Amino acid sequence: MSSPFKARRKALNQLISHAKLDALVITHPANWYYLTGFTGESGVLIVSHGAATLITDGRFSTQVRQETTFVRLVGQKGSLMESTGRLLREKAVKRAGFDSAQTSVAQLNLLRKAAGSRTKWISAAGMVGTLRARKEPSELARMRQAAILAGDVLAAAIPLLKPGVMENEVAAEIEYQMRKGGASGPAFETIVAFGERSALPHARPTAKRLRKNEFVVLDLGAILAHYCSDITRTVYVGRAPARVKQWYRAVLEAQNAAIAAVRAGVTCGDVDTAARQVLAGYKLDRLFTHSTGHGLGLEVHEDPRLARGQKTRLEPGFVVTIEPGIYMAGVGGIRIEDDVAVHAGNTEVLTRIPRDLIEL
Ligand code: GLY
Ligand code: MN
């Protein structure tokens, strides 16, 4: 199978030319993996017309040779930023792009100093992110597998939800099962939140023990063959009272409306509105305190953002989460999250497990 990395660099080179840059400096690991296949965690990638150079230290030189093709390896001398700046100075680069969202002020100052005054630094935020948002068929195939694994692991965790079990125990079992299923690890710290703690959208697992008549929010994702999944289900331990069922129905309806709104050409803001309007109809929109979703891929949060007013239009190849939720401090929270791929003529929900309220 031919490597996708060269084709991606070619596509990036077009954006680099369009922005009239001589080189783009890439400091973000997921971006250099996307463009070269290099999985090391320290380095800088410079992409310029027709050439890619990785600057890294001795710990990673074998890895660069094993994982990449047509990439020049330069050994780091001094700090990474100094080595990068020096190389640009040697190459007499006049217009260097940098990702302002991924480069700190301190890093930029070091780059400027080492490259010298002949190099002009141009903010080029999101260039690689734009390419990454459009998944290739081989990426979608991996994301499908990652989503199925996350669903299977979540379904297998439900029988553990017996009164007395700790949040920590359930989280540990979930992450163990992910790895057994082939994942290199969780895509983010697994959320297992019981009772009142489920009102915290990003609760961290604790030693809290499950009691009857509590909500449980399970939010987890696996990294499989480099690609992330992200799924959330809410369970009620006991027979749900009528008001809980009504809340759940509202969130599920909001999620269905947002999933139905996902289509190539639609703005991300419109998808967010679709969820928010349903919750407004139930007078619960005030309790929906985060955005409707986010892009998913090599990282768990990437372009685009499905939030109020976002003008980005969905395109074939985008994969996004749809995850409305409502949070009632002191009572609990409900969130339902699935991963959705946008195709030219339809959409595909990658996470396959049922979404109805589970009462245990
Ligand atoms: N599932 C965690 C998050 O999206 O932030
Ligand atoms: Mn998410």
Side-chain angles (χ1 to χ4, degrees), residues 30 129 132-133 135 143-144 146-155 157-158 167 170-171 174-175 177-178 183-194 197-206 215-224 226-235 251-252 254-259 261-262 268-269 271-272 274-276 279 287-308 310 312 314 318-327 332-342 347-353 355:
R132 278 176 48 191
K135 271 74 186 174
M143 295 197 69
R144 241 172 238 126
I148 288 170
L149 175 60
D152 288 349
V153 167
L154 196 150
I158 306 256
E167 289 173 345
V170 178
I174 284 172
E175 294 189 1
Q177 291 300 336
M178 271 184 208
S184 58
F188 53 92
E189 189 178 345
T190 299
I191 297 171
V192 177
F194 297 161
R197 294 185 46 72
S198 61
L200 307 172
H202 266 203
R204 300 191 118 146
T206 66
F215 289 102
V216 175
V217 169
L218 301 175
D219 182 350
L220 59 102
I223 306 176
L224 190 65
H226 299 283
Y227 285 83
C228 297
S229 48
D230 191 1
I231 185 170
T232 307
R233 290 292 182 267
T234 303
V235 173
V251 176
L252 186 55
Q255 199 212 21
N256 279 329
I259 293 174
V262 170
C268 292
V271 176
D272 182 77
R276 239 166 261 288
L279 290 171
L287 305 177
F288 178 22
T289 48
H290 53 75
S291 55
T292 295
H294 50 87
L296 187 68
L298 289 172
E299 290 173 285
V300 69
H301 294 138
E302 53 180 61
D303 293 341
R305 291 178 55 226
L306 275 64
R308 266 201 191 92
Q310 288 293 311
T312 305
L314 296 173
F318 280 28
V319 178
V320 296
T321 69
I322 299 292
E323 50 177 308
I326 55 172
Y327 307 92
I334 296 171
R335 179 165 67 256
I336 312 169
E337 174 177 33
D338 287 280
D339 306 341
V340 182
V342 182
T347 56
E348 176 189 357
V349 180
L350 303 181
T351 32
R352 306 274 179 81
I353 61 170
R355 292 184 286 139

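Keep in mind that this is a model prediction, so the values were computed, not measured. All ligand and atom numbering here is 1-based and tracks the order in the structure. Hydrogens, waters and symmetry mates play no part in the numbers below; they use all other heavy atoms, side chains included.
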Looking at E323, the N/O/S atom that lies nearest to the Mn ion (ligand 2) is called OE2

Checking distances from the Mn ion (ligand 2), one finds that the N, O or S atom of D230 closest to it is OD2

E337 heavy atoms, cut-off 4.0 Å: which ligand 1 atoms fall inside?
1 (N)

Is it true that D339 and R144 make a salt bridge, defined as a side-chain N closer than 4.0 Å to a carboxylate O?
no

Provide, to 0.1 Å, the distance between atom 5 (O) of ligand 1 and the closest protein heavy atom, together with that atom's residue and name.
H202 NE2, 2.7 Å

For F188, counting its heavy atoms only, list the atoms of ligand 1 lying under 4.0 Å from any of them.
1 (N), 2 (C)

Side-chain donor-acceptor contact under 3.5 Å, H202 with E189
no

Value for CD1 (I322) from CG (N256), rounded to nearest 0.5 Å, stands at 11.0 Å

From Q255 atom CD to L279 atom CG, the distance as rounded to the nearest 0.5 Å:
11.0 Å

Nearest to the Mn ion (ligand 2) - the N/O/S atom of E337, by atom name
OE2

Among the N/O/S atoms of H294, which is closest to the Mn ion (ligand 2)? Give the atom name.
NE2

Please identify which of these residues, D338, D219, I334, meets the side chain to side chain contact (heavy atoms under 4.5 Å, CB included) condition with R233.
D338

Subset of ligand 1 atoms that lie under 4.0 Å from at least one heavy atom of H294
4 (O)

Which of the atoms of ligand 1 are close to H301, meaning less than 4.0 Å from one of its heavy atoms?
3 (C), 4 (O), 5 (O)

Specify whether an N/O/S atom of H301 falls short of 2.8 Å from the Mn ion (ligand 2).
no

Passing option when H294 is tested against V320, L306, D230 for side chain to side chain contact (heavy atoms under 4.5 Å, CB included)
D230

Using a 3.5 Å distance criterion without hydrogens, assess whether the side chain of T292 forms a donor-acceptor pair with backbone atoms of P324.
no

Give yes or no for whether the N/O distance cutoff of 3.5 Å, strictly under, is met between D219 and ligand 1.
yes

Any side-chain heavy-atom pair of F215 and V235 under 4.5 Å
no

